[in-house]
Amino acid sequence: MTDAQSFAACYRHTGRPFVRGVGCELFDDQGNRFLDLGAGVAVSALGHGHPELVATIKKQAENLIHSSNLYDTPAKRSSVEKIAQYTGFDRVFLSNSGAEANEAALKIARRYQQLIKGEKRYRFVCAEKSFHGRTFAALSATGQPKYWEGFGPLLPGFDFVPYGSVEALEAAVTPETAAIFIEPLQGEGGIVVPPEGYLRAAREIADRTGCLLIFDEIQTGIGRTGHFLACHSENVMPDIVTLAKGIAGGLPLGAMAHTETLAAALPPGSHASTFGGNPVACAAACTVMDIVAEESFLASVRDKSSYLKSALRQAVGHLDCVEEVRGAGLLIGVALNQPAKPFVTRLFNAGILTTVAGGNVLRLSPPLVVSKSELDEGVTQVTKALSTPASEE
Ligand SMILES: *Cc1c(COP(=O)(O)O)cnc(C)c1O
């Protein structure tokens with residue numbers, strides 16, 4: 001392997017490049033096997049090398065790779081229909097990433113308030129410790145000052161409230177608020193599950209005050225929590241939802257879906273993306289969504305979720321460094337009383353891929369097709385890793 005001198009310095013390198021993946025296993029260029037319990041940060045929903053997904057991608061690449069948004073393609077058409085059908089929204093804008101889906105959501109919210117409703121609403125109420133992406137508006141909505149450092153000034157109009165507090169939401173919404181913009185479960189912030197009723201309260205506040213409600217389901221959507229959308233489990237629908245990560249099984253695709261009411265805010269020419277709706281990514285998304293949306297598949301995610309949570313609680317719940325095992329579906333966090341990074345590194349060296357969330361949380365977000373024996377292997381290794389203090393090796 002050549003050294004990594006040419007990479008932008010914002011990425012650290014492990015020096016063990018992955019060359020191949022099968023199911024929940026990845027192999028580096030030396031043939032070493034890793035158990036992937038991160039799925040590329042909740043992306044590879046069907047695991048690696050899923051035969052049906054690979055066949056779809058091959059076939060679409062042979063037929064057509066790009067046509068632009070000036071024209072229609074069957075792949076784009078059916079992915080949009082499926083997103084609408086499975087999420088319960090009316091209209092879908094396709095992007096290439098999560099941050100871009102959020103940009104589209106923030107833009108349509110302002111435009112709807114200002115041009116369609118004729119109100120001077122431009123502010124967004126967001127949550128502390130949220131994560132919405134790295135572009136300027138998404139970054140401005142991200143309630144973690146460490147991500148802002150050196151990038152100021154950010155976009156004006158973003159207000160932050162503690163996540164999970166209905167009173168704080170209530171107090172922060174003003175006649176200038178265009179939308180409440182939150183994750184239904186905070187992913188990067190540390191796998192933070194809000195108190196029951198929080199999402200419904202946000203819906204009620206938005207309805208009462210005339211602002212919109214946007215859910216960022218980029219990490220929680222597409223079956224990750226054992227429901228097609230996390231908000232489906234509470235039966236609370238926002239006006240706009242954003243998706244990305246798992247949607248196309250690893251190909252770059254994002255989506256911003258919204259209700260019919262908002263359609264007038266995005267007439268032709270008001271927003272666009274050159275690559276958004278790429279036929280190969282869209283075809284892949286159709287295959288992923290058809291598999292994930294099956295009730296039996298979603299039920300298996302919920303089943304494996306309880307299995308993993310109780311196994312982890314039993315195995316590591318009593319350890320000094322462990323505060324709590326939490327999360328939904330296959331988005332599980334082991335909250336520690338110290339930084340999780342050393343343990344993630346230790347697990348990597350033992351051939352297990354996990355990620356850090358919110359600094360102190362060890363995140364498990366395996367492919368949704370993970371088996372119980374693979375989860376067992378994960379629990380054994382996580383237990384081993386957490387059983388010796390971070391400073392000792
Ligand atoms: C990952 C993530 C994003 C950003 O997605 P990108 O594709 O990296 O732009 C936004 N919101 C949430 C909740 C995420 O988890």
Side-chain angles (χ1 to χ4, degrees), residues 66-73 75-85 87-126 131-142 154-158 176-183 206 211-218 221-222 229 237-245 247-248 251-282 285:
H66 177 77
S67 79
S68 105
N69 284 307
L70 297 170
Y71 317 107
D72 223 348
T73 63
K76 184 169 69 178
R77 193 174 272 235
S78 47
S79 68
V80 163
E81 294 303 329
K82 285 177 199 294
I83 292 169
Q85 179 197 336
T87 61
F89 288 86
D90 304 307
R91 301 275 190 157
V92 182
F93 173 82
L94 296 172
S95 66
N96 309 288
S97 66
E100 287 170 286
N102 283 339
E103 294 284 328
L106 297 169
K107 284 179 75 177
I108 193 177
R110 277 193 180 171
R111 212 160 189 276
Y112 172 74
Q113 297 289 8
Q114 296 175 9
L115 287 191
I116 307 300
K117 279 177 61 191
E119 295 188 21
K120 289 197 180 64
R121 292 175 177 268
Y122 71 98
R123 305 192 69 85
F124 296 99
V125 174
C126 307
F131 182 81
H132 298 296
R134 310 286 196 142
T135 54
F136 264 114
L139 184 65
S140 303
T142 292
L154 298 176
L155 218 58
F158 291 82
E176 290 190 333
T177 304
I180 295 168
F181 180 38
I182 51 176
E183 296 156 88
C211 72
L212 296 169
L213 179 63
I214 310 172
F215 286 164
D216 178 341
E217 292 237 19
I218 287 164
I222 320 296
L229 295 183
M237 291 291 274
D239 302 287
I240 305 170
V241 73
T242 53
L243 301 166
K245 292 210 159 84
I247 194 167
L251 288 192
L253 186 71
M256 184 273 292
H258 60 82
T259 58
E260 189 60 36
T261 315
L262 303 189
L266 278 194
S270 59
H271 192 59
S273 163
T274 298
F275 288 121
N278 169 268
V280 183
C282 285

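- You'll find the side chain of L251 stays beyond 4.5 Å of the side chain of L253, heavy atoms only.
- Taking both residues in full, the closest heavy atoms of F93 and A104 are given as CD2-CB, 3.9 Å, listed atom of the first, atom of the second, then distance.
- Residues S273 and N96 have side chains that bring a donor and an acceptor to within less than 3.5 angstrom of each other.
- For K117, the NZ atom sits in a packed shell: over 12 heavy atoms of surrounding residues, nucleotides or ligands are nearer than 6.0 Å.
- Taking each heavy atom of A264 and I116 in turn, the nearest pair found is O-CD1, 3.5 Å.
- With contacts defined as side-chain heavy-atom distances shorter than 4.5 Å, the pair E260/R91 qualifies.
- Here the rule is side-chain contact (heavy atoms from CB on, under 4.5 Å) with M256, and of V92, I83, I240 only I240 fits it.
- Residue C126 comes nearest to A141 through the heavy atom pair CB-O, 3.6 Å, listed as atom of the first residue, atom of the second, then distance.
- Here the side chains of C211 and R121 are in contact, with some heavy-atom distance below 4.5 Å.
- Taking both residues in full, the closest heavy atoms of S95 and A255 are given as OG-N, 3.9 Å, listed atom of the first, atom of the second, then distance.
- Distance CD1/I222 to CD/E217: 8.5 Å, rounded to 0.5 Å.
- Shown here for S79 and C282, the closest heavy-atom pair between the two residues is OG-SG, 3.3 Å.
- Annotation: side chain of T259 is in contact with side chain of F89 (closest heavy-atom distance under 4.5 Å).
- What you find for A265 and S270 is that their closest heavy atoms are O-OG, 4.2 Å.
- To the nearest 0.5 Å, atoms CZ (R123) and CZ (F181) are separated by 15.5 Å.
- Side-chain contact between L106 and L155 is absent, with no heavy atoms from C-beta onward closer than 4.5 Å.
- The backbone N or O of A138 sits less than 3.5 Å from a side-chain atom of E103, completing a donor-acceptor pair.
- We find the CD-NZ distance between E100 and K107 to be 11.0 Å, quoted to the nearest 0.5 Å.
- Between atom CD1 of residue I180 and atom CZ of residue F124 there is a gap of 12.0 Å, rounded to the nearest 0.5 Å.
- One N or O on the side chain of K76 and one on the backbone of Y71 form a donor-acceptor pair closer than 3.5 Å.
- Residues E183 and H132 are in side-chain contact: their nearest non-hydrogen atoms beyond the backbone lie under 4.5 Å apart.
- Side-chain atoms of R134 and S97, non-hydrogen and from C-beta on, never get closer than 4.5 Å to each other.
- The NE2 atom of H271 sits 7.0 Å away from atom CG of L266, with the distance rounded to the nearest 0.5 Å.
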Carefully, step by step, assess F215 and I182 under the rule side chain to side chain contact (heavy atoms under 4.5 Å, CB included). CA-CA 5 Å; F215 286 164; I182 51 176; 3.8 Å; yes
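- Considering T87, L94, I218 in turn, T87 is the only one that fulfils the side-chain contact (heavy atoms from CB on, under 4.5 Å) rule with L243.
- For the pair N69 (side chain) and G276 (backbone), a donor-acceptor distance under 3.5 Å is present.
- Counting heavy atoms from C-beta outward, H258 and I108 have side chains that approach closer than 4.5 Å.
- Note that OG1 of T242 and CD1 of I214 are 8.0 Å apart. Values are rounded to the nearest 0.5 Å.
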